[in-house]
Protein chains: 2
Amino acid sequence: MAKTTANTKSKLLKAASQVVRSRGASQLTLEAVAKEARVSKGGLLYHYRSKRALIEGMIAHLLASFEKDIENQTKSNEDRSAWLEAYVKLSFDPHLSHLEESAALVAAIANDPELLVPIQEQYLAWQEATEASGLDPAIATIVRLAADGLWFNELFDLSPLTAERRAEVLETLLKIIKESQNDRQDCAES
Amino acid sequence: MAKTTANTKSKLLKAASQVVRSRGASQLTLEAVAKEARVSKGGLLYHYRSKRALIEGMIAHLLASFEKDIENQTKSNEDRSAWLEAYVKLSFDPHLSHLEESAALVAAIANDPELLVPIQEQYLAWQEATEASGLDPAIATIVRLAADGLWFNELFDLSPLTAERRAEVLETLLKIIKESQNDRQDCAES
DNA sequence: ACAACTATACTGTCTGGACGGTATATTAAT
DNA sequence: ATTAATATACCGTCCAGACAGTATAGTTGT
């Protein structure tokens with residue numbers, strides 16, 4: 001029961017993301033999702049009582065899995081900058097950057113901006129973590145924003161970076177994190 | 001004649017952006033736009049033969065006005081880094097960052113990702129300009145991505161930055177442009 | 001000067017289809 | 001037997017686009 005329910009719900013969320021990614025947010029219809037998940041429309045509506053509830057589920061899943069991956073990355077690293085490093089790495093990793101789940105963001109934008117509220121709240125926590133990284137806050141913020149910039153660029157297929165440049169950028173961001181941290185630890189100067 | 005046509009088209013584009021911004025992309029309907037522009041639906045369809053054509057018009061307008069502002073900013077500055085500096089400044093300037101016209105992007109995402117193609121093409125040119133800035137290409141790209149990150153954050157109301165931090169970040173980005181340029185001009189080292 | 005004609009810039013109405021959501025069956029699990 | 005899960009049929013609404021018609025301005029012929 002609880003298990004099959006969770007399985008079905010997860011299957012539905014995956015199907016919803018798939019529909020958004022392959023056909024665009026405007027094609028995110030209950031029928032399309034149900035068909036993709038090989039479930040009837042009634043079945044979908046049993047688990048998610050409305051389209052809005054479905055998208056809320058997508059958003060919650062996106063945030064939860066992102067947080068989980070951040071935690072996995074940071075627990076083996078005691079540096080204060082570990083969080084920022086993990087954030088950057090996740091944003092750049094094609095397997096972990098949650099581009100699949102990120103369809104949730106697109107669905108929310110397309111359907112009702114209010115659905116973004118949980119993400120807005122999460123960003124507050126992320127910025128706090130960024131500023132607690134031990135780096136100069138402006139530098140730390142620039143690093144976070146650059147990671148976001150890449151993530152959004154790739155989410156909308158805008159990124160014109162070659163694979164080489166992309167790798168260089170990642171490397172440079174990680175170097176900035178390491179070096180800026182040392183600056184502040186060794187010299188305690190600006 | 002031609003003048004009133006241009007006026008009406010411009011009025012319609014403005015109305016369309018307004019609808020997206022105030023009611024969300026899902027409420028971008030021909031009727032809503034027509035009403036906002038105080039024109040009949042038939043009148044709208046006279047100027048833009050389909051909803052798709054309307055959004056294409058919005059995108060073209062966004063790109064054109066962004067390019068125009070970049071040009072205005074750069075023509076009084078001969079540095080190779082002028083383009084990147086202008087890009088950063090435009091992204092941060094609430095008056096010039098085209099957050100109004102940027103509704104076009106939201107509309108495209110919500111309706112049909114194919115509508116983003118002109119923007120994808122523009123990004124190629126922007127990345128070329130970024131790499132021609134005289135800075136280390138990875139640093140220059142990070143600067144551009146950070147500007148993008150802020151722009152997207154604010155477009156979706158995600159940005160958790162205080163006004164002070166925001167100002168610091170802008171200042172730091174401009175400083176990076178100036179300093180990195182000097183590094184390469186003075187020392188001709190990495 | 002002026003009628004005949006054409007092009008431009010609209011308005012208001014209508015329709016076919018899609019979609020969200022409901023109501024109601026049907027089947028499976030315990 | 002009862003609850004959980006899934007399926008089918010259907011309703012009402014909304015919306016893109018078509019269409020027919022109107023008003024006004026410009027053009028041409030005489």
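Predicted model, so just to flag it, every value in this text is computed and none were measured. Lettering follows sequence order; numbering is per chain, from 1.
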> In plain terms, say whether B/Arg52 and B/Glu56 are close enough for a salt bridge, that is, a side-chain N and a carboxylate O under 4.0 Å apart.
yes
> Give A/Leu54 one of three labels, base, sugar-phosphate or nothing, depending on what nucleic acid heavy atoms sit under 4.0 Å from its own.
nothing
> Can you tell me if A/His47 touches the phosphate of D/dA4, counting only side-chain N or O atoms and a distance under 4.0 Å to OP1 or OP2?
no
> Provide, to the nearest angstrom, the distance between the NZ atom belonging to B/Lys9 and the C1' atom belonging to C/dC10.
15 Å
> Could you state the CG-P distance from A/Leu28 to C/dA18, rounded to the nearest angstrom?
17 Å
> Let me know, please, whether A/Thr29 or A/Leu45 comes out on the 5' side of the other along DNA chain C by nearest nucleotide.
A/Thr29
> D/dT6 phosphate, OP1 or OP2: any side-chain N/O from A/Tyr46 under 4.0 angstrom?
no
> Ring centroid separation for B/Trp126 and B/Phe66, is it under 6.0 angstrom?
yes
> Hey, are A/Tyr123 and A/Asp148 close enough side-chain-wise for a donor-acceptor pair under 3.5 Å?
yes
> Output every pair passing side-chain hydrogen bond (donor to acceptor under 3.5 Å, both in side chains) with a member in residues 160-176 of chain A, not counting sequence neighbours, ordered by first then second residue.
A/Glu154-A/Arg166, A/Arg165-A/Glu168, A/Arg165-B/Glu131
> Is B/Lys41 side chain donor-acceptor paired with the D/dA16 base, going by distance under 3.5 Å alone?
yes
> Can you see if the side chain of A/Ser50 gets near the phosphate of C/dG20 - specifically, an N or O under 4.0 Å from OP1 or OP2?
no
> C/dA9 C1' sits how many Å from B/Arg38 CZ, rounded?
18 Å
> So if I take every side-chain heavy atom of B/Thr5 and compare against C/dA9, D/dA4, C/dC19, which nucleotide ends up nearest?
C/dA9
> Between A/Val39 and B/Arg49, just flag the one whose closest nucleotide in DNA chain D comes earlier from the 5' side.
A/Val39
> Please report, rounded to the nearest Å, how far the P atom of D/dT6 is from the CG atom of A/Leu44.
11 Å
> To the nearest Å, give me how far apart CZ (A/Arg52) and P (C/dC19) are.
20 Å
> Just the rounded figure in Å: distance from C1' of D/dA16 to CG of B/Asn111.
11 Å
> Tell me the salt bridge (Lys or Arg N to Asp or Glu O under 4.0 Å) pairs involving residues 38-51 of chain B, sequence neighbours left out?
B/Glu31-B/Lys41
> Quickly work out the A/Gln27 CD to C/dG20 C1' distance and round it to whole Å.
15 Å
> In whole Å, I'd like the distance from the NZ atom of A/Lys51 to the C1' atom of D/dC14.
13 Å
